[in-house]
Amino acid sequence: MVHPKAVLGEQVTVGPYAIVGEHVKLGANTVLDAFSQVLGFTELGKNCRLFSYAVVGNIPQDLKYCYDETYLKIGDNNQFREFCTVNPGTLKGTQTLIGNNNLFMTYAHVAHDCIVGDNNVFANNATLAGHVTVGNKAILGGLVAIHQFCRVGDYAIVGGCSKVTQDIPPYSMSDGHPAKICGINLVGLRRAKFSNDLIRQIKQSFKLLFFENHSFEPAAALVREQIPKSKEVDNLLSFVLSSKRGISR
């Protein structure tokens, strides 16, 4: 069922019993499998795929929602496996944003007003509450639940069944209930072809920030003093020092 006002790009495929709403825009070569739904003011990029029973753009699960016009914008090359759900913003004019090349496995959920970057993997049942920000090339294990307003940094990995109540810094490996930092995401950094020197610098930075008895500002000063400057170390320090919910330790 495709609304006549919906905008479909070239070579879009809409499977049997799929639903495309009035205000939807679908990019070229996007595929909607049987029984999937794209609703609301939703824009889906090129080469995306919704597997059966995935629903993106339906109204947010937020009691503050008053049926105002809110938005969901999704980039290119994203996959939403069976029963995934993604919601738009809550308040009038707000939006949920998803970048490119993300994989959302079965039952993954992205709530209202979230921002998700590029090349992330959400394993089965990974769940974002409202206003969560996820960077780039992060991995959320199965059944991970992230509290509203938390952030997950670039190249972070969160172990399955973890409860995330504070920010997860870039390049980290975390796990637990609540999630705690275990160390750096060594496998992920090697796969991303980080040099051995850079990995060593990130590891030394983590030691000063998280595994010695320093508060963050003095620890950041020590990092700047002892560790060679790089955009990755700067990214880590900026993330830690800008945290509003606090950092998992």
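Computation of the quantities below employed the complete heavy-atom set of this structure, encompassing side-chain atoms and omitting hydrogens, waters and symmetry-equivalent molecules.
For the side-chain contact (heavy atoms from CB on, under 4.5 Å) test with Ile168, the passing option among Ile181, Ile146, Val158 is Val158; the others fail.
Applying the 6.0 Å contact sphere to OH of Tyr17 captures no more than 12 heavy atoms from other residues, nucleotides or ligands. Heavy-atom neighbours of Lys25 NZ from other residues, nucleotides or ligands within 6.0 Å: at or below the threshold of 12. Around the CD atom of Gln11, the shell of radius 6.0 Å holds no more than 12 heavy atoms that belong to other residues, nucleotides or ligands. The neighbour count for Arg245 CZ, taken as heavy atoms of other residues, nucleotides or ligands under 6.0 Å away, is above 12.
Note: Ile139 CD1 to Lys137 NZ = 11.0 Å, rounded to the nearest 0.5 Å. The structure places OG1 of Thr13 at 12.5 Å from CG of Leu50, a figure rounded to the nearest 0.5 Å. Remark: Gln166 CD to Cys150 SG distance equals 7.5 Å, nearest 0.5 Å. In this structure, OH on Tyr53 lies 6.0 Å from CZ on Phe83, to the nearest 0.5 angstrom. How far CG of Leu208 is from CZ of Arg224: 12.5 Å, rounded to the nearest 0.5 Å. One distance of note links NE2 of His23 with NZ of Lys5; it measures 7.5 Å at 0.5 Å rounding.
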Check the pair Lys231, Asp234 against salt bridge (Lys or Arg N to Asp or Glu O under 4.0 Å), reporting the backbone distance first and the verdict last.
-> CA-CA 5 Å; Lys231 65 178 182 180; Asp234 286 346; over 6 Å; no
Could you walk me through whether Phe206 and Tyr171 pass the ring pair (Phe, Tyr, Trp, His ring centres under 6.0 Å) test, one step at a time?
-> CA-CA 9 Å; Phe206 265 69; Tyr171 321 116; 7.3 Å; no
Go through Lys203 and Lys207 one step at a time and tell me if the side-chain contact (heavy atoms from CB on, under 4.5 Å) criterion holds.
-> CA-CA 6 Å; Lys203 187 173 182 179; Lys207 182 179 178 181; over 6 Å; no
Determine, step by step, whether Val7 and Val24 satisfy the side-chain contact (heavy atoms from CB on, under 4.5 Å) criterion, reporting the C-alpha distance in whole Å, the side-chain angles of both residues, the deciding distance to 0.1 Å, and the verdict.
-> CA-CA 6 Å; Val7 178; Val24 169; over 6 Å; no
Tell me, with the steps shown, if Thr85 and His109 meet side-chain contact (heavy atoms from CB on, under 4.5 Å).
-> CA-CA 5 Å; Thr85 50; His109 174 66; 2.7 Å; yes
Kindly indicate, with the supporting measurements, whether the criterion side-chain contact (heavy atoms from CB on, under 4.5 Å) is fulfilled by Leu72 and Val86.
-> CA-CA 8 Å; Leu72 169 60; Val86 185; 3.7 Å; yes
Full working for salt bridge (Lys or Arg N to Asp or Glu O under 4.0 Å) between Lys73 and Glu43 = CA-CA 5 Å; Lys73 293 185 178 180; Glu43 184 175 339; 5.1 Å; no
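Of all non-hydrogen atoms in Val134 and Asn120, the two that sit nearest each other are CG1-OD1, 3.8 Å. The minimum heavy-atom distance linking Thr96 with Asn87 is given by the pair OG1-O, 2.8 Å.
No hydrogens or angles considered: a donor-acceptor pair under 3.5 Å links the side chains of Ser243 and Asp167. His147 and Thr165 are not linked by any side-chain donor-acceptor pair at a separation below 3.5 angstrom, with hydrogens and angles left out of the test. No side-chain donor from either of Asn100 and Asn77 sits under 3.5 Å from a side-chain acceptor of the other. A donor-acceptor contact closer than 3.5 angstrom links the side chains of Asp62 and Thr90. With 3.5 Å as the limit, one finds no donor-acceptor pair spanning the side chains of Thr106 and Asn124.
Ring planes of Phe104 and Phe122: tilted class, angle from 30 to 60°.
Both tests pass for Arg249 against the ring of Phe216: distance under 6.0 Å to the centre and angle within 45° of the axis. Relative to the ring axis of Phe80, Arg49 does not place its NZ or CZ within 45° and under 6.0 Å from the centre.
Looking at Asn78, its side chain does come within 3.5 Å of a backbone N or O of Gly75 through a donor-acceptor pair. Although no hydrogens or angles enter the test, the distance criterion places no donor-acceptor pair under 3.5 Å between the side chain of Ser162 and the main chain of Val144. Looking only at distances, a side-chain donor or acceptor of Ser242 sits under 3.5 Å from a matching main-chain atom of Ser238. Side-chain atoms of Asn47 do not come within 3.5 Å of backbone N or O of Asp76 as any donor-acceptor pair. Using modelled atom types, one side-chain atom of Thr127 and one backbone atom of Asn125 make a donor-acceptor pair closer than 3.5 Å. Checking side-chain atoms of Ser36 against main-chain N and O of Ala18 turns up no donor-acceptor pair under 3.5 Å.
Checked against the 6.0 Å centroid threshold, Tyr155 and Phe194 count as a close aromatic pair. Separation of the His112 and His131 ring centroids falls under the 6.0 Å cut-off. Between Tyr65 and Tyr67, the distance from one ring center to the other falls under 6.0 angstrom.
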